[in-house]
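In the text below, chain A, chain B and the rest are named by the order of the sequence lines, each starting its count at 1.
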Number of protein chains: 2
Amino acid sequence: MTPERRAVLNGVLDAPGHFTADDLYIRLKRRDPMVSRATVYRTLELLVGSRLVEKVDLGVQQAYYEYFFGREHHDHLICLGCGAIIEFTSQAIEDLQNVVCQEHHFEIRYHSHKVFGRCRKCQQGGSPDA
Amino acid sequence: MTPERRAVLNGVLDAPGHFTADDLYIRLKRRDPMVSRATVYRTLELLVGSRLVEKVDLGVQQAYYEYFFGREHHDHLICLGCGAIIEFTSQAIEDLQNVVCQEHHFEIRYHSHKVFGRCRKCQQGGSPDA
DNA sequence: ATTAATGCAAATTGTTTGCACGGTC
DNA sequence: GACCGTGCAAACAATTTGCATTAAT
């Protein structure tokens, strides 16, 4: 546990939900130890390996991360208007998913369920794009 | 509709399920007209726009495509052992997904549901990786 | 002639890596 | 003094783009 790694971990801890490696790097740059981008990537990978952080693929070319310690698995609603990310869990969906896998004799390891659309705010006169 | 575009479309039509832009490019290279990689990308994007082809994100850094004309939407089970891709549909899951979205006042546009694990073959003495 | 599509090669983007350097046991 | 982590800059890989050329109307 080096000072750099501690800095990255701290950065992760007060990150706002979902963030990219670069978000984190930029945010860390404002504080002292000035860790390098490479170390951010390397340390994030480390944290993912130790289940402290989860890497989530939100359908863009950039990987997102989120703090994961002790949290439940959840999936995401992703707003095409403002980029907001809403988390959800549904045991019923997971159960059905297990049934589907059984039918196909498929041994499930993990899954990713993303719904893209518009959040409440963006439906009401919000940003018109996407 | 140029000869190049026709060539790409033909390539798509006899593609084996899911393929990457580069798969397609390589495959086309064996036949005559020799379209360029750029044109393959450009044309695929065009076909996606006209709903003839669907772009699917399988969780790797490469985009996959599949012929989509007149097909139902479906989701995927992806084998971590051999890379096999099994398609599935479940109206029950989609219904529950709609309920979840309603609860969050989220207007759904499209979704992506991927399950990673091991296919039947790979469970039986198959490749040990992942 | 104007417009649109192509091919090439260079640019872009997010991420990874080789390697020399610095610190620690 | 062996080892590990770091920073830098170069390497990468998939995709996109600028631009000059070509083809079609």
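If you run side chain to side chain contact (heavy atoms under 4.5 Å, CB included) between B:Glu94 and each of B:Ile108, B:Asp75, B:Thr89, only B:Asp75 comes through.
Every residue two or more places apart in sequence or in another chain that forms a ring pair (Phe, Tyr, Trp, His ring centres under 6.0 Å) with A:His76 is listed here: A:His18, A:His74.
No donor-acceptor pair closer than 3.5 Å links the side chain of A:Asn10 to the backbone N or O of A:Ala7.
Distance A:Leu24 CG to C:dT15 P: 12 Å, rounded to the nearest Å. Counting to the nearest Å, the C1' atom of D:dT6 and the OH atom of A:Tyr25 are 13 Å from each other. In this structure, CZ of A:Arg6 is placed 15 Å from P of D:dG5, rounded to the nearest angstrom. At whole-Å resolution of the value, CG in A:Leu44 and C1' in C:dT15 are 12 Å apart. In this structure, NZ of A:Lys55 is placed 10 Å from C1' of C:dT16, rounded to the nearest angstrom. When the C1' atom of D:dG5 is taken as reference, atom CG of A:Leu9 falls 16 Å away, rounded to whole Å. A straight line from NZ of A:Lys29 to P of D:dG7 spans 13 Å, rounded to a whole angstrom. Rounded to an integer number of Å, the gap from OH of B:Tyr41 to C1' of C:dA9 is 15 Å.
One side chain, A:His113 or B:Gln97, offers a donor N or O that lies under 3.5 Å from an acceptor on the other. Between the side chains of B:Asp95 and B:Gln91, at least one donor-acceptor pair of N or O atoms lies under 3.5 Å.
Residue A:Gln62 places at least one side-chain N or O under 4.0 Å from the OP1 or OP2 atom of C:dG14. The phosphate of D:dT6 (OP1 or OP2) has a side-chain N or O of A:Thr2 nearer than 4.0 angstrom. A sub-4.0 Å separation between OP1 or OP2 of D:dC8 and a side-chain N or O of A:Ser36 is absent. Look at B:Arg5 and you'll find a side-chain N or O under 4.0 angstrom from OP1 or OP2 of C:dA5.
The residue A:Met34 sits close only to the backbone: its heavy atoms come under 4.0 Å of sugar-phosphate atoms, none of a base. Using a 4.0 Å heavy-atom cutoff across all strands shown, A:Arg42 reaches at least one base atom of the nucleic acid.
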